[in-house]
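Residue numbers run from 1 in the order of the sequence given.
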Amino acid sequence: MRTTTENPSPAIAGENQMRAVVVHGPGDVRIEERARPVPEAGEVLLALEWGGICGSDISYWKKGASGTASLTHPLVLGHEFAGRVAALGSDVTGLREGQPVTVHPARLMGDGVLPERIAGRTNLYPHVRYFGSAAFVPHTDGGFSEYRAVPAAQIRPLPDGVSMEQGALAEPLAVALHAVGRVPDLRGRTVLVNGCGPIGSLVVAAARYRGAGRVVAADLASSSLAVARAMGADETYDISVGDGLPEDVDVAFEASGAPAALGPVLRATARGGTLVQVGNLPGTPAAATLGDLVTREITWIGSYRFVDEIDDALRALADGLDVSPLITHRFPLDRAEEALAVAADPESGSSKVMLRLTTDS
């Protein structure tokens, strides 16, 4: 990993510069000196403190792409982050300097109008700029930097009692709450979560928070299952040692994104039950056993990002939903490449790897 500091111009010297985690291509991530942004009208300047590494960050670093989005120029990583308001642009009200906040990372482009059949489901709008994404050119820089200017409409104040580190995890918790919300009522129902990476383990916690009667979790890694238990799973199944999935679960959440898992998860789902697809499936042809989808008349539905569930996530954190078991590693910003490597290594025992984005104590 290279740190770019050669001959910084006087215009970005001292207090006018900052560090950022910038990916240039596959295997090429650098800590660069950049000009500290100045908030424009309607924007807020954040002094960032914590960021969480997501699978898309790892994919941009390892492959130079995430899904169908490919790098065409350098990109600041990160869409899970929290910090404090450092300055307010003109026309911003309702916020104050020093206030702890997190960020809704999605911004709709264009008129934002959706067909009536999906009215309000802004996560399905076709043109969304997402922090830390190469889906558009120019790309949308993320928040793995010491400062970031953010439109005020995307700011979410942290409730009293919610730490900055917890606030950085409101975004992935929102993904889990959206997935759980795809099923109208989980109260008293038996739930299976297959795949217990960070999102799967958060689905465990979200299902428990929404009143599921019994939550079981399955994965190939014992370390992931330990996290799932700490997040509220009643039972765990270690697929690597030959454990089979339970039978007749009311609702299954498939969070691994592995096509080979679909057959066993469909078989585990009760007749007339529901399977929520949370893990991203490949965009290319892949073999999968789907017969039970028809013969057991299972409802199979997708779950993509979230709408406004980041507000629900903050309320859940304030209510005491504990995401701390998810955090297994913490690194300073200047060790971002090491942090990405740990997050990407299935042998590291990592779940959520956090970056400390500030040098302040």
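To the nearest 0.5 angstrom, Ile53 atom CD1 is 8.5 Å from Leu77 atom CG. Phe144 CZ to Leu340 CG: the interatomic distance, rounded to the nearest 0.5 Å, is 7.5 Å. One distance of note links CD of Glu247 with OG1 of Thr269; it measures 11.5 Å at 0.5 Å rounding. Rounding to the nearest 0.5 angstrom, the gap separating the CD1 atom in Ile155 from the CG atom in Leu46 is 4.0 Å. Separating the CG atom in Leu75 from the CG atom in Asp57 is a distance of 8.5 Å, to the nearest 0.5 Å.
Judged by distance alone, with hydrogens and angles left aside, the side-chain atoms of Asp250 form a donor-acceptor pair with the main-chain N or O of Thr190 at under 3.5 Å. At least one donor-acceptor pair closer than 3.5 Å links the side chain of Asp219 to the backbone N or O of Cys196. Ser59 places a side-chain N or O within 3.5 Å of a backbone atom of Ala65 that can act as its donor or acceptor partner. Checking side-chain atoms of Ser348 against main-chain N and O of Asp345 turns up a donor-acceptor pair under 3.5 Å. At least one donor-acceptor pair under 3.5 Å links the side chain of Gln166 to the backbone N or O of Ser163.
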Check against side-chain contact (heavy atoms from CB on, under 4.5 Å), Val265 and Leu275: CA-CA 8 Å; Val265 174; Leu275 168 58; 3.5 Å; yes

side-chain contact (heavy atoms from CB on, under 4.5 Å) assessment of Val276 paired with Val183: CA-CA 8 Å; Val276 182; Val183 182; 3.7 Å; yes

Derivation and outcome, side-chain contact (heavy atoms from CB on, under 4.5 Å), residues Val180 and Leu186: CA-CA 8 Å; Val180 167; Leu186 285 182; 3.3 Å; yes

Working for side-chain contact (heavy atoms from CB on, under 4.5 Å), residues Leu48 and Tyr147: CA-CA 6 Å; Leu48 298 172; Tyr147 291 87; over 6 Å; no

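Salt-bridge check for Arg229 with Asp234: failed, with every basic side-chain N at 4.0 Å or more from each acidic carboxylate O. Taking the charged nitrogens against the carboxylate oxygens, Glu165 and Arg330 do have a contact shorter than 4.0 Å, which makes a salt bridge. Of the charged side-chain nitrogens involved, none lies within less than 4.0 Å of a carboxylate oxygen, so that Glu97 and Arg84 do not count as a salt-bridged pair. Using a 4.0 Å cut-off between a side-chain N of Lys or Arg and a carboxylate O of Asp or Glu, Arg34 and Asp141 qualify as a salt bridge. Ion pairing between a basic and an acidic side chain is recognised when a charged N comes within 4.0 Å of a carboxylate O; Arg19 and Glu33 show no such pairing.
For Arg271, there are no salt bridge (Lys or Arg N to Asp or Glu O under 4.0 Å) partners at least two apart in sequence or on another chain. Taking the side chain to side chain donor-acceptor pair (under 3.5 Å) definition, one finds that Asp91 meets it with nothing, sequence neighbours left out.
Side-chain contact of Thr102 with Arg156: a donor-acceptor pair under 3.5 Å is absent, judged by distance alone. Side-chain contact of Asn280 with Tyr304: a donor-acceptor pair under 3.5 Å is absent, judged by distance alone. Glu32 and His24 form a side-chain donor-acceptor contact under 3.5 Å, judged by distance and modelled atom types alone. For Ser256 and Glu254, the side-chain atoms include at least one donor-acceptor pair closer than 3.5 Å.
Nearest heavy-atom pair across Ser351 and Thr328 is N-OG1, 2.9 Å. Between Leu225 and Ala218, the shortest heavy-atom contact is CD2-C, 3.8 Å. The shortest non-hydrogen separation linking Leu177 to Ala206 is CD2-CB, 3.8 Å. Minimum interatomic distance between Gly167 and Leu158 (heavy atoms only, all atoms of both residues): CA-CD2, 3.8 Å. Here the shortest heavy-atom pairing between Val307 and Thr122 reads CG1-OG1, 3.4 Å. The shortest non-hydrogen separation linking Val215 to Gly232 is CB-O, 4.4 Å.
Inter-residue side-chain proximity for Val92 and Glu43 is flagged as unmet; no heavy-atom pair is nearer than 4.5 Å. Counting only heavy atoms from C-beta outward, the side chains of Leu192 and Val251 never approach each other to under 4.5 Å. A heavy-atom distance below 4.5 Å is not found between the side chains of Ser303 and Gln277. Counting heavy atoms from C-beta outward, Ser145 and Leu357 have side chains that stay 4.5 Å or more apart. You'll find the side chain of Arg356 stays beyond 4.5 Å of the side chain of Leu333, heavy atoms only. Contact check for Arg335 versus Leu355: no side-chain heavy atoms found under the 4.5 Å cut-off. Between Val216 and Val191 the shortest side-chain heavy-atom distance does not fall below 4.5 Å. By the 4.5 Å heavy-atom criterion applied to side chains, Lys62 and Pro26 are not counted as neighbours.
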Please tabulate, for the side chains in residues 320-327, all donor-acceptor contacts under 3.5 angstrom to protein atoms that are two or more places apart in sequence or on a different chain.
| residue | atom | partner | partner atom | Å |
| --- | --- | --- | --- | --- |
| Asp322 | OD1 | Ser324 | N | 2.9 |
| Asp322 | OD1 | Ser324 | OG | 2.6 |
| Asp322 | OD2 | Ser324 | OG | 3.1 |

Acceptor/donor pairs from residues 285-293 side chains to any protein atom, 3.5 angstrom cut, sequence neighbours excluded:
| residue | atom | partner | partner atom | Å |
| --- | --- | --- | --- | --- |
| Asp292 | OD1 | Arg267 | NH2 | 2.9 |
| Asp292 | OD2 | Arg267 | NE | 3.0 |
| Asp292 | OD2 | Arg267 | NH2 | 3.1 |

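Under the 4.5 Å side-chain contact rule for hydrophobic residues, Ile298 and Phe253 do not share a cluster. Val23 and Val137 sit in two unconnected hydrophobic clusters of ILVMFWY residues. Membership requires side-chain heavy atoms under 4.5 Å apart, directly or through other members.
Applying the salt bridge (charged side-chain N to carboxylate O under 4.0 Å, His left out) rule to pairs touching residues 182-193 yields Asp185-Arg187, sequence neighbours excluded. Sequence neighbours left out, the pairs with a member in residues 87-134 that pass ring-ring contact (aromatic ring centres under 6.0 Å, His included) are His79-Tyr130, Phe81-Phe131, His104-Phe306.
Atom CD of Glu235 is surrounded by more than 12 heavy atoms from other residues, nucleotides or ligands within 6.0 Å.
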